[in-house]
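Notes to accompany the following structure.
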Amino acid sequence: MPEVRSDEPLAPHTTLRVGGPARRFVEVASETELVETVRAADAAQEPLLVLAGGSNLVIADAGFEGTVVHVATRGIGQEAAPGASVRLTVAAGEPWDAVVAGAVAEGLAGIECLSGIPGSTGATPIQNVGAYGQEVAATIVRVRVLDRATGELADLPPSACGFAYRTSAFKRSGRHLVLAVTFELARSELSPPLRYGELARTLGVEGGAGAPLAAVREAVLALRRGKGMVLDPADHDTWSAGSFFTNPVLDAAGFAALEQRAAGSPPPRFPEPDGNIKTSAAWLIERAGFSRGDARGAVALSSKHALALTNRGAASAAELVAFAAEIAGRVQLQLGVTLVPEPVLVGIPWHPDA
């Protein structure tokens, strides 16, 4: 039977460590418990929040007046796939970095650049998690879901998942609850061609070449630690939701306008296959006059990376979102670019300061 608690504090269940209590908190350890709990809440028209690793949530200080389902499901299945590939079907509650570590140890390539990312496996297709040139969408072949509109279970192919930069159909709509994710990974001693210049330079390989999987993982972890992006309870720079804003993707005209506003300091540009141009949110934040370590009360930009908003120990959700809104407002005013929060804001309106 699922474990049920009342008035459970939610802050300890998130990497930001902010947020009030859940009126009802249900911890589920199996897919059957998860499905039955969500179906029952939906039938009762009960407000529902699904929480696993809590690495991409900002929960209001008032908490959540409904049922919070804490996903603690476990299990990894393996099957052969065409060619030299292997398919891993991973329960939604499995900690993501442990899955990456296991794949690297088994010589399975395709997700090694996603090392050190906190949270659960079930969150990876929702966010289309990506880092250092890789995205999970490139390896996902199936997502097992509960269709909350019909109450039925379904296996969705990638074409039905609506994957795009740091988003998906799952993030845009709450209709589907992710139960498990199937990844297809290649048996290989080397990673796929490295697409991220900083990582290639760290490994001492030419861009477009591969590198040993374990070396890639260790290099990614080192780079993430240097930016405060690997969880460490003793380091307040890691009390964050990772990158608070997504990197803006602009059309040619929008990027040209940014270049004009930022005269004398060319903005970073990363051409996308569709002709649009991605730029750096961290660069925009610093260009707008914010510096690493800048603080508002108990909230501060990380001392290691301007894109992470951190809790210095006693922050509230309201303080954190107010500082984020100040940052986004100034970037919009000075540089004409809209910053979009990457974490999910629960019970918190988003109004960038004008």
Parallel under 30°, tilted from 30 to 60°, perpendicular over 60°: which one fits the rings of His176 and Phe170? perpendicular
Indicate yes or no: at least one non-hydrogen side-chain atom of [X] is less than 4.5 angstrom from one of [Y].
X	Y	value
Met229	Ser302	no
Leu10	Val346	no
Leu199	Gln134	no
Val136	Trp96	yes
Asn128	Arg166	no
Trp283	Ser265	yes
Leu146	Leu153	yes
Glu135	Tyr165	yes

Atom pair [atom1]/[atom2] of [X] and [Y] - distance to nearest 0.5 Å:
X	Y	atom1	atom2	result
Glu342	Leu307	CD	CG	8.0 Å
Phe290	Ile285	CZ	CD1	8.0 Å
Phe163	Ile140	CZ	CD1	4.0 Å
Ile59	Leu51	CD1	CG	5.5 Å
Thr121	Ile76	OG1	CD1	7.0 Å
Leu335	Arg287	CG	CZ	7.0 Å

Between the side chain of [X] and the main-chain N/O of [Y], is any donor-acceptor distance below 3.5 Å?
X	Y	answer
Glu94	Ala91	no
Glu259	Pro267	no
Asp42	Arg39	no
Thr37	Leu34	no
Arg187	Gly107	no
Ser168	Ile126	yes

Counting neighbours of CD on Glu46 that are heavy atoms of other residues, nucleotides or ligands and sit closer than 6.0 Å, is the number greater than 12? yes
Tell me if the CZ atom of Arg172 is crowded by more than 12 foreign heavy atoms within 6.0 Å. yes
Cluster overlap [X] with [Y], hydrophobic side-chain contacts below 4.5 Å:
X	Y	answer
Val337	Leu333	no
Leu49	Phe25	yes
Trp239	Leu57	no
Val143	Ile111	yes
Leu203	Leu213	no

With the threshold set at 4.0 Å, does a side-chain nitrogen-carboxylate oxygen contact exist between [X] and [Y]?
X	Y	value
Asp97	Arg224	no
Arg142	Glu184	no
Glu79	Arg87	no
Arg144	Glu31	yes

What's the shortest heavy-atom distance between [X] and [Y], and which atoms?
X	Y	result
Arg292	His305	CD-N, 4.0 Å
Phe270	Thr279	CD1-CA, 4.4 Å
Pro343	Val58	CB-CG2, 4.0 Å
Ala282	Ala306	O-CB, 4.3 Å
Leu194	Cys113	CD2-SG, 4.2 Å
Ala92	Thr73	N-OG1, 3.7 Å

What verdict does the side-chain contact (heavy atoms from CB on, under 4.5 Å) test give for Leu284 and Phe245, after you've listed the backbone C-alpha separation in whole Å, the side-chain angles of each residue and the deciding distance to 0.1 Å? CA-CA 11 Å; Leu284 292 166; Phe245 299 103; over 6 Å; no
Do Leu301 and Phe323 pass the side-chain contact (heavy atoms from CB on, under 4.5 Å) test, and can you show the C-alpha distance, the side-chain angles, and the key distance before you say yes or no? CA-CA 9 Å; Leu301 288 174; Phe323 191 14; 4.3 Å; yes
Looking just at side-chain N and O atoms, do [X] and [Y] make a donor-acceptor pair shorter than 3.5 Å?
X	Y	answer
Asp232	Thr238	no
Glu112	Ser191	no
His70	Glu8	no
Gln332	Thr338	yes

Given a cutoff of under 4.5 Å between side-chain heavy atoms of I, L, V, M, F, W and Y, with clusters grown through shared members, what are the other residues clustered with Leu190? none
Can you tell which of Thr310, Asn311, Val321, Leu309 makes a side-chain contact (heavy atoms from CB on, under 4.5 Å) with Val299? Leu309
Between Asp237 and Arg312, is a side-chain contact (heavy atoms from CB on, under 4.5 Å) present by the stated rule, with each step listed? CA-CA 8 Å; Asp237 273 337; Arg312 308 318 287 182; 2.9 Å; yes
Would you please test Arg261 and Gln334 for side-chain contact (heavy atoms from CB on, under 4.5 Å) and show each step? CA-CA 8 Å; Arg261 284 177 178 257; Gln334 294 187 9; 5.9 Å; no
